Amino acid sequence: MRVSKLFMTTQREIPADAEIPSHQLMLRSGMIRKCASGIYSFMPIGLRSYKKVENIIREEMDNAGAQELIMPALLTAETYQASGRWEKFGPEMFRLEDRGGRPFCLGPTHEEPFTEAVRDTIKSYKQLPVTLYQIQHKYRDEKRPRFGVIRAREFVMKDAYSFDVDEEGLDKSYQAMYKAYRRIFDRLGLDYTVVDADSGAMGGSGSQEFMVKSPIGEDAICYCDDCGYAANEEKAQCTVPEKDNSEALPMEKIHTPDVKTIEELMAFMNTEPSAFVKTIIYNIDGKIVAVMVRGDREINETKLTNLYDATELTLAAFDDVERVTGAKVGFAGPIGLKEKIEVVMDNEVSSMANFIVGACETDYHFKNVNIGRDFTPDKIADVRNAVEGDACPKCGKPLKMARGTEVGHIFKLGTKYSDALGCVYLDKDGRENTMIMGCYGIGVSRTLAAIIEQNHDDDGIKWPVVAAPYKVIVVPTKVNDEENMSLAENIYNRLIEEGVEVLIDDRNERPGVKFKDADLIGIPLRITVGRRASEGIVEIKYRATGETAEVSVEEALVAVRNLG
RNA sequence: CGAGGUGUAGCGCAGUUGGUAGCGUACGUGCUUUGGGAGCAUGGGGUCGCAGGUUCGAAUCCUGUCACCUCGACCA
């Protein structure tokens, strides 16, 4: 390809609304253009890199025995109604109507249509197992799209679904996907961690996330250096500490005027935040619930959502808090609630004794509160975030924390969807059984951004060879010099004959401009045809290392072949 | 959803007390340049987000609306 003909424009300046390197560089290098918040078009060189990633995924999925197909992105409401997800997805789903007013949506994920397709196609155990996948645009009306294609509203996802006769079969299908995923991310040269994810309310027996380590990652990961345990912060289990068997002291009501925050309360009472239990009032699908965690902990809304199998979970409005507690915000507690609401207590609190809570009365707290004697919670569950230093749920050693971006997720689904949609098969004995499912996703466009996050410098992208839009760029420094230009053309043509993806920067620009652009778009190897063109000597420069050498044309061609 | 902010040329930004729009860059042309985003000259490109209103006159003031961005989703 000739750069003079390439549909591309690079930008010298950093676009004002891009925060992170991958987003800035994708815009500056002309890979993508924004159409609306969280919606991007891919321009030719962006698409080429995107396709590299897509093809690696496709190859490894095919190698693992999965079969590719493609489902509609535009789906009827009925598709999601049988599983209950038409309601459950809530405002994240892009919904629309056809001319007859019939409800449709743009698919956010495709368990249902795949399950239907298998249900309608497969009748016998002889046809199982089967793993199907597609690489397709997905639509989610994110609350807050950000970081370019990392959190977008339209994005490309590879989603796969396995169907097996039993758990043992599911284990095999799942392992095949696990191995395929490792090969994919290994081939892409990503620095990633596989993290155990709790399968939560979805049931099933396992789930793992592939996290690319990155300081700008949206997910926090907990991990244990000792036993190798690793989990998403949202999913990391918190162990129940040893019970505090201190003798229960008499409960006291304490006047705490103008003490609103934990800090003020601790200063006032001269105690640690861990001696306090805060009670937070939530609105869970319209139901008001009180949630109790230790004063220095964070409530994990994912765990709470799973506990209630909820769709919408928000902090309760101030009005609700004041009505339910009969006090100003800041004095909620489990004792003396004015309305009968459910009280959820975190596991950790169950081992505490003689703690402090809000008194459900403005300017008062209770001291020396004890479970059972002073109040009884309706539910006891793990509803807090794990923190650095927590005991590892596997080996008990202290956990560490890091950040990452989720690029892949594999999940043993079980029979949630096959049950709901009647996806069954006949076994050897002619009996009907429900298929056991797994689902496996990779964010393709997001992976592309993750590669850039891990492969860039101040000058631009440093594409790994496998994901580069072109492997080589030939840069003649003087296009008006016949000797210079004809040597460059010669090298260009020979590389094309060898089937190498190559650019020639035939623009009548100054060398500096061409070098800057080559660096920005991140072509792995540059062949500069310059001063010593008449001697048949060119310069090669590797983008990744900055290494340069003056070599003969033949040696340059060898360097290209060795790129891999 | 809450709070704040911004909408003016492809991109980055100015625009004063209201008087009919500018700078840098990018783009076109010419000449000089040619190994790390050149210089000079010249030119094209804007319903100032949109809709109302005030005014002789609005990018500027008022109202509404839309879009986009950031922070927060959290401690009771």
Side-chain angles (χ1 to χ4, degrees), chain A residues 8-20 23-24 27-28 30 33-39 90-91 141-148 256 259-266 273 276-283 290-302 304 312-318 320-322 324-325 327-334 346 356-363 365 383-385 458-460 475-481 484-485 505 507-520 526 528-533 538-539 541 546 548 550:
Chain A
M8 173 193 77
T9 176
T10 55
Q11 282 171 205
R12 186 180 307 200
E13 296 190 69
I14 298 171
D17 51 7
E19 295 281 304
I20 62 167
H23 189 194
Q24 293 171 353
L27 288 167
R28 285 187 56 209
R33 285 179 64 87
K34 186 169 81 170
C35 297
S37 180
I39 302 174
D141 196 357
E142 294 284 348
K143 285 179 193 166
R144 186 137 100 83
R146 64 186 127 174
F147 300 149
T256 51
V259 173
K260 292 202 175 60
T261 66
I262 297 277
E263 290 74 25
E264 287 167 359
L265 185 67
M266 292 314 120
F276 181 76
V277 174
K278 58 190 176 186
T279 306
I280 298 170
I281 312 297
Y282 272 92
N283 182 331
V291 184
M292 301 173 66
V293 293
R294 206 173 86 177
D296 54 343
R297 303 305 192 197
E298 291 179 9
I299 289 185
N300 180 321
E301 295 192 351
T302 303
L304 196 56
E312 288 259 42
L313 179 142
T314 54
L315 286 175
F318 280 17
D320 289 328
V321 175
E322 294 185 1
V324 164
T325 63
K328 285 191 178 163
V329 169
F331 301 96
D346 182 62
I356 302 161
V357 299
C360 289
E361 186 178 337
T362 303
D363 292 342
H365 283 81
V383 291
R384 72 172 175 96
N385 277 340
D458 289 345
D459 290 320
V475 179
T477 56
K478 293 179 190 170
V479 295
N480 296 323
D481 179 315
N484 182 308
M485 199 57 198
D505 197 344
R507 295 176 298 172
N508 186 13
E509 287 286 354
R510 298 165 63 84
V513 173
K514 299 185 185 186
F515 295 156
K516 285 287 184 188
D517 275 344
D519 287 350
L520 178 59
R526 188 180 85 202
T528 308
V529 180
R531 300 186 197 93
R532 300 180 67 187
V538 298
E539 181 200 73
K541 179 169 186 181
T548 64
E550 294 214 320

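Just so it is clear, the values below take in all heavy atoms, side chains as well, and ignore hydrogens, waters and symmetry mates. To find a chain, count down the sequence lines: A is the first, B the second, and so on, and within it residues start at 1. Please read these numbers as outputs of a predicted model, since none were measured by experiment.
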Could you check which nucleotide pairs with [N] in any of the strands shown, counting Watson-Crick or G-U wobble with both distances under 3.5 Å?
{"N": "B:C61", "value": "B:G53"}
{"N": "B:U42", "value": "B:G28"}
{"N": "B:G72", "value": "B:C1"}

To the nearest 0.5 Å, what is the distance between [atom1] ([X]) and [atom2] ([Y])?
{"X": "A:Thr325", "Y": "A:Asp320", "atom1": "OG1", "atom2": "CG", "answer": "10.5 Å"}
{"X": "A:Arg384", "Y": "A:Ile299", "atom1": "CZ", "atom2": "CD1", "answer": "12.0 Å"}
{"X": "A:Asp519", "Y": "A:Lys541", "atom1": "CG", "atom2": "NZ", "answer": "5.5 Å"}
{"X": "A:Thr477", "Y": "A:Met485", "atom1": "OG1", "atom2": "CE", "answer": "10.5 Å"}
{"X": "A:Glu298", "Y": "A:Asp346", "atom1": "CD", "atom2": "CG", "answer": "12.5 Å"}
{"X": "A:Glu301", "Y": "A:Asn385", "atom1": "CD", "atom2": "CG", "answer": "9.0 Å"}

4.5 Å side-chain heavy-atom contact, A:Asn480 and A:Asn508: yes
Would you please confirm or rule out a distance under 4.0 Å between OP1 or OP2 of [N] and any side-chain N or O of [X]?
{"X": "A:Ser37", "N": "B:C69", "answer": "yes"}
{"X": "A:Arg144", "N": "B:U70", "answer": "yes"}
{"X": "A:Lys34", "N": "B:C69", "answer": "yes"}
{"X": "A:Arg12", "N": "B:G24", "answer": "no"}

Does the [N] base have a donor-acceptor partner in the side chain of [X] within less than 3.5 Å?
{"X": "A:Asp517", "N": "B:G37", "result": "yes"}
{"X": "A:Arg510", "N": "B:U33", "result": "yes"}
{"X": "A:Lys541", "N": "B:G36", "result": "yes"}
{"X": "A:Glu13", "N": "B:G24", "result": "yes"}
{"X": "A:Glu509", "N": "B:G37", "result": "no"}

Atom-to-atom span, [atom1] of [X] to [atom2] of [N] - whole angstrom:
{"X": "A:Glu298", "N": "B:C74", "atom1": "CD", "atom2": "P", "value": "11 Å"}
{"X": "A:Phe147", "N": "B:C71", "atom1": "CZ", "atom2": "C1'", "value": "12 Å"}
{"X": "A:Ile356", "N": "B:A76", "atom1": "CD1", "atom2": "P", "value": "13 Å"}
{"X": "A:Tyr282", "N": "B:C74", "atom1": "OH", "atom2": "C1'", "value": "6 Å"}
{"X": "A:Arg507", "N": "B:G37", "atom1": "CZ", "atom2": "P", "value": "14 Å"}
{"X": "A:Ile299", "N": "B:A73", "atom1": "CD1", "atom2": "P", "value": "13 Å"}
{"X": "A:Ile20", "N": "B:C69", "atom1": "CD1", "atom2": "P", "value": "13 Å"}
{"X": "A:Lys516", "N": "B:A38", "atom1": "NZ", "atom2": "C1'", "value": "14 Å"}

A:Arg526 bridged to A:Glu539 by N-O distance under 4.0 Å: yes
Reckon [X] touches a base, only the sugar-phosphate, or nothing at all at heavy-atom distances under 4.0 Å?
{"X": "A:Thr325", "answer": "nothing"}
{"X": "A:Glu19", "answer": "sugar-phosphate"}
{"X": "A:Asp481", "answer": "nothing"}
{"X": "A:Arg526", "answer": "base"}
{"X": "A:Lys278", "answer": "base"}
{"X": "A:Gly358", "answer": "nothing"}
{"X": "A:Asp519", "answer": "base"}
{"X": "A:Ile14", "answer": "sugar-phosphate"}

Taking atom [atom1] in both [N] and [M], what distance in whole Å separates the two?
{"N": "B:U54", "M": "B:C62", "atom1": "P", "value": "15 Å"}
{"N": "B:C23", "M": "B:U29", "atom1": "C1'", "value": "22 Å"}
{"N": "B:C1", "M": "B:U47", "atom1": "C1'", "value": "35 Å"}
{"N": "B:G53", "M": "B:C11", "atom1": "P", "value": "31 Å"}
{"N": "B:C13", "M": "B:C69", "atom1": "P", "value": "14 Å"}
{"N": "B:A41", "M": "B:G46", "atom1": "P", "value": "24 Å"}
{"N": "B:U33", "M": "B:G45", "atom1": "P", "value": "32 Å"}
{"N": "B:U20", "M": "B:A58", "atom1": "P", "value": "11 Å"}

Side chain of [X] - closest among [options]:
{"X": "A:Phe515", "options": "B:C68, B:A73, B:G36", "value": "B:G36"}
{"X": "A:Ala16", "options": "B:A76, B:C13, B:G37", "value": "B:C13"}
{"X": "A:Pro15", "options": "B:G12, B:U34, B:G36", "value": "B:G12"}
{"X": "A:Val513", "options": "B:G35, B:C69, B:A38", "value": "B:A38"}

Residue whose closest nucleotide on RNA chain B lies nearer the 5' end, A:Arg28 versus A:Asp17: A:Arg28
Which residue lies more 5' along RNA chain B, comparing A:Thr10 with A:Val321 via nearest heavy atoms: A:Thr10
Single hit among A:Gln24, A:Arg146, A:Lys34, A:His23 for side-chain hydrogen bond (donor to acceptor under 3.5 Å, both in side chains) with A:Asp17: A:Lys34
